[in-house]
Amino acid sequence: MRNIVLVTLDSVRADHCSFMGYYRETTPNIDRMARKGLNFKNAISPAPRTLPSMVGIFTGKLMNIYVKADCEAEFWKKNARLNLRSRKTLAEVLSSKGYTTGAFCPNAYTSRYFGFNKGFNYFQDFLFAKKSHQKIFEKMIKGSKIFSYIRNIENLILKQEAFKTWESYYDEIIEWISKAKEPFFLWVFLLDTHLPWLVPRRFRKWGNFFDMYYSGWKIFKFLNKQNADIPEKIRKKLINAYDDSIYYADSFIGKLQKDLEDYDPIFVIHSDHGEEFGERGFYGHYYPHLYEENIHVPLVVSNLDEKKEIEKPVSLLNLLKIILILGTNDSFSADSFLGETDDWIIAKDFDYKRKKTILAVRIKDWKFIVGQKDIDELYNLKQDPNERENLISEYPKLVKEMKNIVKPQLDMKMRKERFVKGLQRIII
């Protein structure tokens, strides 16, 4: 069985990676891995935000909505915990097959607090070094804006979560690997590519110190606000900082690949979701949009005997299956695997304010979205990659087929608390 390294890049959209055709060389190390391995050109995230996306990736199933809550953060917490507790996770399955499993995850939303440690022999989330930190976080989850500000200030001062660079814990990763019994499965979730994109000086190619901090402060003022009026000059600075952060994260992958040569691991690199830069008047990834900038993400599998660019749309829900095949078989055939996947994939989110499920069906050249607007949406991605012209009334037969695909998901209404009465102890 082969050693496996899974690297999750937070908030990286596919069209900002140079191996996906971006005009800037943001990912030189991943570029080389993509040329020598499998590059999934149309990889789609299960959701446009971390929690439902990673729940889907780790369980191989779209996240279900089971229970209600008094605030949005509490709503996501309860439902994420229920989904993870009621399903087998990637780490659990690999552990059962003899893998030593370890994770380094500074993202609070994929921490042990939400249940992502399930199945790992070692899980380092750098969270709650003191009890006071946990109390602040829990009050923030329960909807306190004041404690949300306190948490952000605390993270800035202590360099936690989005302010924790990969260099600050790289030695811990190498130490764990040196002691781990083989075969091992290592998961690293990099937050360096999550806003506010604070990048060390030597890795800044397109921005500078002042612009980096100014743009980081500026974007926080406009998060989740419709029609955010950010001047084009500031928008460019935001993109410069974002691209620098991707370049910085790519340097981690290059260093890790070199340092692990003797272990000969398979590398699986992906992002959990994308990022908006004002394409529809929004910035960040907190608004429930299922457009390409939010869910079209990079996916590369490297250090195999096969190299191929894969055009067929593939959901990251398939990552669990891919990794299991890689870990339990002597060879991996992309064509064989793709032959067993559907020709269409689904992405899903839940609009908490409207209490409405949003679904997207993606096939090679088309995307259908229901629940996002007052009317359904249909886009021809080949002719209209920016999803501007809604063709919903022009292709009734195609729309009918798309609706048949999403119908099973739409029929799953929000379930009552009584259906999960036996699981209440795990979500409190």
Side-chain angles (χ1 to χ4, degrees), residues 10-17 20-22 42-53 72 193-197 215-216 218-243 245-246 271-298 313 345-363 365-394 399 402 406:
D10 202 313
S11 312
V12 175
R13 46 194 279 177
D15 61 359
H16 276 250
C17 299
M20 294 292 287
Y22 191 45
N42 287 289
I44 303 298
S45 170
R49 63 183 91 199
T50 296
L51 257 180
S53 174
E72 186 168 4
T193 48
H194 188 285
L195 57 87
W197 314 307
S215 59
K218 198 74 175 177
I219 195 171
F220 272 114
K221 294 181 62 178
F222 291 98
L223 287 179
N224 211 21
K225 293 182 179 178
Q226 194 168 11
N227 299 319
D229 186 19
I230 295 183
E232 183 61 23
K233 184 178 180 180
I234 301 301
R235 181 178 178 272
K236 288 181 179 178
K237 290 180 179 180
L238 288 172
I239 292 175
N240 287 342
Y242 179 67
D243 288 347
S245 78
I246 297 173
S271 179
D272 57 343
H273 55 75
E275 191 85 341
E276 290 190 78
F277 283 98
E279 288 86 355
R280 295 156 222 286
F282 289 88
Y283 285 79
H285 51 270
Y286 302 103
Y287 197 79
H289 277 162
L290 295 178
Y291 296 115
E292 290 295 278
E293 59 265 24
N294 296 75
I295 61 173
H296 184 198
V297 294
I345 56 180
I346 296 178
K348 179 182 178 182
D349 201 2
F350 187 81
D351 189 331
Y352 179 82
K353 292 180 180 178
R354 295 191 297 149
K355 302 294 185 290
K356 194 167 186 177
T357 297
I358 302 171
L359 291 162
V361 179
R362 175 79 145 74
I363 58 177
D365 294 330
W366 293 88
K367 183 195 280 185
F368 173 72
I369 307 175
V370 60
Q372 190 165 252
K373 294 183 177 181
D374 294 335
I375 61 171
D376 296 340
E377 301 166 75
L378 180 70
Y379 300 102
N380 185 317
L381 298 177
K382 187 174 183 178
Q383 298 176 0
D384 178 27
N386 296 320
E387 298 162 286
R388 298 295 181 184
E389 186 180 0
N390 187 358
L391 303 175
I392 195 66
S393 61
E394 297 183 31
V399 170
M402 295 290 204
V406 301

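Here the closest non-hydrogen pair linking Val12 and Cys17 is CG1-SG, 3.7 Å. The nearest pair of heavy atoms linking Ser45 to Ser53 is OG-OG, 3.0 Å. Nearest approach of Pro288 to Gln372, heavy atoms of both residues: O-OE1, 3.6 Å. Taking both residues in full, the closest heavy atoms of Leu290 and Ile295 are given as O-CD1, 3.5 Å, listed atom of the first, atom of the second, then distance. Heavy atoms only, all atoms of each residue included: Glu276 and Arg13 are closest at CA-NH1, 4.3 Å.
Residues Ile44 and Val297 are not in side-chain contact: their nearest non-hydrogen atoms beyond the backbone lie 4.5 Å or more apart. Side-chain contact between Asp365 and Leu381 is absent, with no heavy atoms from C-beta onward closer than 4.5 Å. Contact check for Phe368 versus Ile363: no side-chain heavy atoms found under the 4.5 Å cut-off. When side chains are defined from C-beta on, Trp366 does not count as touching Val361, because their heavy atoms never get closer than 4.5 Å. Here the side chains of Ser11 and His194 are in contact, with some heavy-atom distance below 4.5 Å. Counting heavy atoms from C-beta outward, Ile392 and Val399 have side chains that approach closer than 4.5 Å.
Between atom OG of residue Ser393 and atom CG of residue Asp376 there is a gap of 11.5 Å, rounded to the nearest 0.5 Å. With rounding to the nearest 0.5 Å, the separation of CG in Asp384 from CG in Leu391 is 7.0 Å. Within the model, atoms CE of Met402 and CG of Leu359 stand 12.5 Å from one another, a figure rounded to the nearest 0.5 Å.
A cation-pi arrangement is present between Lys355 and Tyr352, with the terminal nitrogen or guanidinium carbon under 6.0 Å from the aromatic centre and inside a 45° cone about the axis.
Using a cut-off of 4.0 Å between Lys/Arg side-chain N and Asp/Glu carboxylate O, Glu279 and Arg388 are scored as not salt-bridged. For Arg362 and Glu292, the salt-bridge test passes: some basic side-chain N is under 4.0 Å from an acidic carboxylate O. Between Lys367 and Glu377, no side-chain nitrogen of the basic residue sits less than 4.0 Å from a carboxylate oxygen of the acidic one, so the salt-bridge criterion is not met. Between Glu387 and Lys373, none of the side-chain N atoms (NZ, or NE/NH1/NH2) sits under 4.0 Å from a carboxylate O, so this pair counts as no salt bridge.
Every residue two or more places apart in sequence or in another chain was checked for a side chain to side chain donor-acceptor pair (under 3.5 Å) with Glu389, and none qualifies. In this structure, the side chain to side chain donor-acceptor pair (under 3.5 Å) partners of Arg354, at least two apart in sequence or on a different chain, are Asp351. Residues satisfying the ring pair (Phe, Tyr, Trp, His ring centres under 6.0 Å) test with Tyr242, not counting sequence neighbours, are His16, Trp197, Phe277. For His296, there are no side chain to side chain donor-acceptor pair (under 3.5 Å) partners at least two apart in sequence or on another chain. Thr193 pairs by the side chain to side chain donor-acceptor pair (under 3.5 Å) definition with nothing, not counting sequence neighbours. Taking His289 as the reference, Phe282, Tyr287, Tyr291 meet the ring pair (Phe, Tyr, Trp, His ring centres under 6.0 Å) condition, with sequence neighbours excluded.
Between the Ser271 side chain and the Pro298 main chain, no donor and acceptor come within less than 3.5 Å of each other. Remark: side-chain polar atoms of Asp15 are not paired, donor with acceptor, to backbone N or O of Met20 under 3.5 angstrom. Looking at Asn390, its side chain does come within 3.5 Å of a backbone N or O of Leu378 through a donor-acceptor pair.
Counted by atom type alone, Tyr22 and Asp243 present one or more donor-acceptor pairs between their side chains at under 3.5 Å.
Checking each of Asn294, Thr50, Asp349 against His273 for a side chain to side chain contact (heavy atoms under 4.5 Å, CB included) leaves exactly one that passes, namely Thr50.
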